[in-house]
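The figures that follow rest on heavy atoms only: side chains count, while hydrogens, waters and symmetry mates do not. Owing to the predicted nature of the structure, the values given are computational and were not obtained by experimental measurement.
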Amino acid sequence: MFIGVMLISNVAATKAVLLFPDLHVDLGIFQLDGLVTDGAFFLFPLAYVLGDVISEIWGFRTMRRVVAMGFAVQLLASACFTLAMHMPAPDFYENQDAFGSVVGVVPQFLAAGLAGYVVGELINSYVMVRMKRLTGEKTLWARMITSTIVGEFFDTLVFCTIAASALGMTIGSGDYWNYTVIGFVWKVAVEVVIMPFSYAIIQRIKKAEPTYQESLRRYEAERAAGEVAAE
């Protein structure tokens, strides 16, 4: 599901979207004339929910393998799109330019997505796992929120910087900062809103996953042995 979300997002994101065009906010250094985003804004936050589930239950090493598999699948998708775009079309096919305008920028979105994906998801997973080592099973909500804020910040900044020109934006322009800031706030807000759902999924899988139960028993035994040795 995680890899599927990333693959779909990189295609849907080639469409620029303007929400609430009549909205105008002037904060001096930051201005809003509508909310600038892309066609993947409603789907991409799910990737971080799934990333939290994988990291919490199976750990950082498994998340790295998922990132590597996602990298390979998206490279394959980009190669297929590029090959299809450059194949000769018959005279009756009238959509060559339209097809190229969508999949032709996919490699740039792929580069943006992969860069943000690797940086953001690995940081998200690392923070999640690191905090768990410090707090144990407690404060899952704090791990999820903190890891999301840190991971999404770096992911959004990297992705938007690389993808901006493919959507017709200039880096440093008002539209660019609108796209970046709104993207970050939206992704974090979505994860906070659906956190009860994510929390329930994680707790359910923890109970059903035998490898997690075994690792938890081993961790608790090692922690108890360490406390006894310290005394």
Distance, nearest 0.5 Å, that separates CD1 of Ile3 from CZ of Phe71: 12.5 Å
Donor-acceptor contact below 3.5 Å, side chain Gln74 vs main chain Met69: no
Side-chain donor/acceptor of Asn178 to backbone N/O of Leu35, under 3.5 Å: no
Cluster overlap Phe81 with Ile162, hydrophobic side-chain contacts below 4.5 Å: no
Whether Thr14 side chain and Val11 backbone form a donor-acceptor pair below 3.5 Å: yes
Beyond-backbone contact of Met63 with Phe2, side-chain heavy atoms, under 4.5 angstrom: yes
Same apolar cluster: Val150 and Val158, side chain cutoff 4.5 Å: no
Shared hydrophobic cluster, Val5 / Leu76 (ILVMFWY, side-chain heavy atoms < 4.5 Å): no
Residue pair Thr161 / Tyr176: nearest heavy atoms and the distance that separates them: OG1-OH, 2.7 Å
From OG1 (Thr62) to CD1 (Ile57), nearest 0.5 Å: 10.5 Å
Close side-chain approach of Asp155 to Val119, heavy-atom, < 4.5 Å: no
side-chain hydrogen bond (donor to acceptor under 3.5 Å, both in side chains) partners of residues 77-94, not counting sequence neighbours, each pair once: none
Steps toward side chain to side chain contact (heavy atoms under 4.5 Å, CB included) verdict (Val188, Phe153): CA-CA 9 Å; Val188 173; Phe153 172 79; over 6 Å; no
Residues Tyr126 and Ser147: side-chain donor-acceptor under 3.5 angstrom: no
Test side chain to side chain contact (heavy atoms under 4.5 Å, CB included) applied to Tyr179 and Asp38, step by step: CA-CA 8 Å; Tyr179 182 43; Asp38 57 51; 2.5 Å; yes
Heavy-atom pair of closest approach, residues Met85 and Gly100: SD-CA, 3.7 Å
CZ on Phe42 to OG on Ser9, rounded to 0.5 Å: 8.0 Å
Over all atoms of both residues, closest heavy-atom pair of Leu7 and Ala77: CD1-CB, 3.4 Å
Minimum-distance pair of heavy atoms, taken over all atoms of Phe184 and Thr156: N-CG2, 3.7 Å
Atom pair CE (Met6) and CG (Leu43), whose distance is rounded to the nearest 0.5 Å: 9.5 Å
Min side-chain heavy-atom separation Trp177-Ile182 under 4.5 Å: no
From Leu19 atom CG to Trp186 atom CH2, the distance as rounded to the nearest 0.5 Å: 8.5 Å
Minimum heavy-atom distance Thr180-Cys160, with the two atoms named: OG1-CB, 3.4 Å
Test item: Phe159 and Phe154 side chains (from C-beta on) under 4.5 Å apart, heavy atoms: no
Interatomic distance, Ile202 atom CD1 to Arg143 atom CZ [nearest 0.5 angstrom]: 8.0 Å
